[in-house]
Amino acid sequence: MSDRQHPLETLRNIGIIAHIDAGKTTFSERLLFYTGTTHKIGEVHEGETTMDWMIQERERGITITSAATTMYWKGHQMNLIDTPGHIDFTAEVQRSLRVLDGAVVVFDGVAGVEPQSETVWRQADKYSVPRICFVNKLDRMGASFEKSFQSILNKLTPNAVAVAIPMGLEEKLSGVVDLVKMKAMYFEGEKGVTVVEKDIPEEWKEEAMVWHKKMVERVAGEDNALTEKFLEGKEITVEELKAVLRKSVLNYKLIPVFCGSALKNKGAQMILDAVVEYLPSPLDILPQKGIDPKTGGPIEKKASDDEPFAALVFKIATDPFVGTLTYFRVYSGVLRKGSYVLNANTGEQERISRILRMHADERAELDVIYSGEIGATVGLKATSTGHTLCDKDHPVILEKIVFPEPVIGIRVEPKTKVDQEKLIMSIRKLTEEDPTFRIKEDQETGETIISGMGELHLDIIADRLRREFHVEANYGRPQVAYKETITGEGDGEEKYARQSGGKGQYGHVLLRVKPKERGAGFEFIDEIKGGSIPKEFIKPVEKGVVEAMDKGVVAGYPLVDVEVTLYDGSFHEVDSSEFAFKIAGSMAFQKAAKAAKPVILEPIMKVEVVTPEDFFGQVISDISSRRGQIKETSERAGMKVIDAMVPLSETFGYATSIRSLTEGRASFTMEFNSYEAVPSNIAQEIIDGKRK
């Protein structure tokens, strides 16, 4: 038996996810304060928050990295991860959701569901994360709980159910009605620390009853016994409601919606209670699926201290004081300080010299960490994001985290020789931390190109290189990460034969190429019959094909989404070699791809602009002039909302131009949507530009 202080069922691993500016970090700061984790509340607008501790986060007032913190509430231990809302940092949200058991989704009570709320919601759907919602900022001008709640039902899920309503809005927000207990909740004392439960005031009784009835009907509908009671008009107790609600939340059948204002200290404690009452402990979630690296067979990992150890690494961070921090989530077993573990992905052993429990950027040392917990360790050599650490006698590889590909790059030139060496080292550290940040050397020009998810992403990376790593460099203009693909089928044959006194080279390959659907990736099919090419030369052919794909056939951009079938060829008893077949494969592929109607693909961004009506026309015509397609226009809180698809190459500097178009009154968000073929006139410009 383990000697853990907190039983597994009292553990909660939760994340806070939301659209940028919904008040996520302010909300996290309140939770830390009410649980006694911090003694004063940090405010985003004063640049003093606990969770946003990076200098870039405080300056911009946004969250960039997920911060992890442990807090305690009513005998429960909560590991909280505050994730970024900005879409350029979508990888941070994805990897956090992968290791969390539940999430609190925060909405802006004025705007309701915004485009990035939808993105994070879909990510949570992908990992089937049970969640509860908090409609925040109801103290702001133009706030409406009803409209926000409606937008959750319409845009995100029909399973949302209101379990609280505000008493008053804007500056009149006085408290919250708890629809389960049917009590008025007031938050009194300094910073709203004292929660006072009273009877619902007369003026709110009628409205509360209407909402209460809707809620009871919705919750009862998830349970046969309660449905019967409801239809017979019998009293349903608070305990019964809570029990069914919990079960429904865990099965993603219902999503309770709470409300309040974090800034005005109203409603946050109700969320802490709800996390305890409705969100899962590690025992409530399905066992983790993994594969046995030896046999490839499936393995399940249960949350228990008595099982063999297995943990997933979900984040690497560079810490100025301790070096490289590796964050992990323990799925089963326990980990002791000083023990050796196996990295199942690399097959190497790592020694765990220290175990840390994180509180934003402070840390506590532990001797042992138990299943279900989130911790960090220092000084691992060969472990990166998505790797599994496990007991060496019971190897397992847990399901990986899949990250999106970067869509935009910039050239980096170090200013001096010293900067050159520092740059390579620093960039290596940053790519370990951030899986959506890549670096590559352009072979032809010898330039270093770094790429990421958007202008802001690269902006912050350049800023960090300067401040944290003291690298002075010049940055080029942003470049689009174009790709190429084929639209038809094609055949290619190549006989590579060289004779140079002594042993010659001989490789002969016939292959066929076919397009695959967007995002399906590359597939190599071996259809060699009767040994016309010996087994040992098939891998080299594939290698040659992959190298040719990387170079592209139209303008030198990587080729994607292709199926390549190797169906025939011949070999020479003496002269055939892996090298010859690799070259033949590469050249045959180029011929086939050129015959298969190749095209250039460009990243298309989903853009949402919120603008005052006066500038509606100008904004629309500006989007059209950027080859943008307007998908729909709507209204939100007295503003016009424009949804459009715009090629990434046309969006550079958009922030500046929209500011000048609308006197600084419009705002916009942009996220990657898909790759689409480039019109032929633009394709010609790209090819010419590349030749220059």
Side-chain angles (χ1 to χ4, degrees), residues 1-15 68 70 75-79 81 95-102 127-130 250-251 279-315 326-358 365-377 380 383-401:
M1 230 356 248
S2 70
D3 42 2
R4 62 190 303 159
Q5 286 142 351
H6 288 269
L8 250 176
E9 57 271 16
T10 63
L11 188 63
R12 299 285 182 274
N13 291 314
I14 56 164
T70 304
H76 285 66
Q77 176 186 329
M78 296 183 189
N79 296 322
I81 296 190
R95 60 165 149 215
S96 304
L97 286 171
R98 170 68 180 81
V99 296
L100 292 171
D101 302 331
Y127 292 117
S128 325
V129 177
L250 298 184
N251 299 332
L279 288 182
S281 79
L283 292 174
D284 295 315
I285 58 168
L286 294 170
Q288 279 298 307
K289 288 185 170 47
I291 54 170
D292 184 329
K294 291 197 186 95
T295 64
I299 296 183
E300 289 204 336
K301 282 297 190 187
K302 287 204 293 290
S304 156
D305 295 346
D306 306 326
E307 293 264 316
F309 171 72
L312 182 75
V313 171
F314 66 97
K315 181 180 163 84
T326 304
Y327 284 84
F328 57 88
R329 154 84 194 254
V330 184
Y331 280 106
S332 64
V334 294
L335 178 64
R336 295 185 193 282
K337 197 165 93 176
S339 59
Y340 282 88
V341 294
L342 173 74
N343 177 331
N345 300 72
T346 63
E348 289 181 39
Q349 291 207 26
E350 297 265 24
R351 182 171 180 271
I352 304 293
S353 54
R354 295 166 70 190
I355 300 175
L356 305 172
R357 175 172 290 150
M358 302 304 294
E365 298 267 352
L366 303 176
D367 291 326
V368 57
I369 189 164
Y370 298 101
S371 64
E373 299 251 17
I374 288 176
T377 181
L380 297 190
T383 298
S384 58
T385 302
H387 284 181
T388 302
L389 297 174
C390 58
D391 179 329
K392 51 185 189 298
D393 302 325
H394 300 88
V396 59
I397 296 178
L398 296 171
E399 191 185 336
K400 265 226 172 102
I401 311 173

* **Side-chain donor/acceptor of Thr388 to backbone N/O of Ala344, under 3.5 Å** => no

* Asked: For the residue pair Leu250 and Pro280, what are the closest heavy atoms and their distance?
  -> CD2-CB, 3.4 Å

* Test side chain to side chain contact (heavy atoms under 4.5 Å, CB included) applied to Thr346 - qualifying residues, sequence neighbours left out -> Asn343, Glu348, His387

* To do: State which residues pass salt bridge (Lys or Arg N to Asp or Glu O under 4.0 Å) with Asp393; sequence neighbours excluded, sorted by chain then number.
  => none

* Asked: Partners of Lys392 by salt bridge (Lys or Arg N to Asp or Glu O under 4.0 Å), sequence neighbours excluded?
  -> none

* Asked: For Thr10, what residues pass the side chain to side chain contact (heavy atoms under 4.5 Å, CB included) criterion, not counting sequence neighbours?
  -> His6, Pro7, His76

* To do: Check whether any side-chain heavy atom of Leu8 lies under 4.5 Å from a side-chain heavy atom of Tyr370, and answer yes or no.
  => no

* Evaluate the criterion side chain to side chain contact (heavy atoms under 4.5 Å, CB included) for residue pair Asn13 and Val99; output intermediate values, then yes/no. => CA-CA 8 Å; Asn13 291 314; Val99 296; over 6 Å; no

* **Exam field: side chain Asp305 to backbone Ser371, donor-acceptor pair closer than 3.5 Å** => yes

* Beyond-backbone contact of Glu373 with Asn79, side-chain heavy atoms, under 4.5 angstrom -> yes

* Asked: Is the backbone N or O of Arg336 less than 3.5 Å from a side-chain atom of Asp367, with the two atoms forming a donor-acceptor pair by type?
  -> no

* Where is the tightest heavy-atom contact between Ser332 and Pro308, given as atom of each residue plus distance? -> OG-O, 2.9 Å

* Structure fact -> Shortest non-hydrogen pair, Pro282 vs Ala303, comes out as O-CB, 3.7 Å

* Sub-4.5 Å side-chain heavy-atom contact between Asn345 and Ile397 -> yes

* At what distance, to the nearest 0.5 angstrom, does CG of Leu356 lie from CG of Leu366? -> 7.5 Å

Can you give me every donor-acceptor pair (side chain of residues 285-296, partner residue at least two apart or in another chain, under 3.5 Å) with its distance?
from: Gln288; atom 1: OE1; to: Arg98; atom 2: NH1; distance (Å): 3.4
from: Gln288; atom 1: OE1; to: Arg98; atom 2: NH2; distance (Å): 3.3
from: Asp292; atom 1: OD1; to: Lys294; atom 2: N; distance (Å): 2.8
from: Thr295; atom 1: OG1; to: Gly297; atom 2: N; distance (Å): 3.1

* Asked: Residues in salt bridge (Lys or Arg N to Asp or Glu O under 4.0 Å) with Glu307, at least two apart?
  -> Lys302

* Those residues that, when tested against Thr377, pass side chain to side chain contact (heavy atoms under 4.5 Å, CB included) (two or more places apart) -> Thr326, Phe328, Ile352, Leu380

* Applying side-chain contact (heavy atoms from CB on, under 4.5 Å) between Phe309 and each of Val396, Leu389, Val334, Leu342, report the one that passes. => Leu389

* Asked: With sequence neighbours left out, what residues match Ser281 under side chain to side chain contact (heavy atoms under 4.5 Å, CB included)?
  -> Glu9, Arg12, Leu283, Asp284

* Asked: For the residue pair Ile355 and Lys337, what are the closest heavy atoms and their distance?
  -> CD1-N, 3.7 Å

* Could you give the distance from CD1 (Ile369) to CZ (Arg329), rounded to the nearest 0.5 Å? -> 10.5 Å

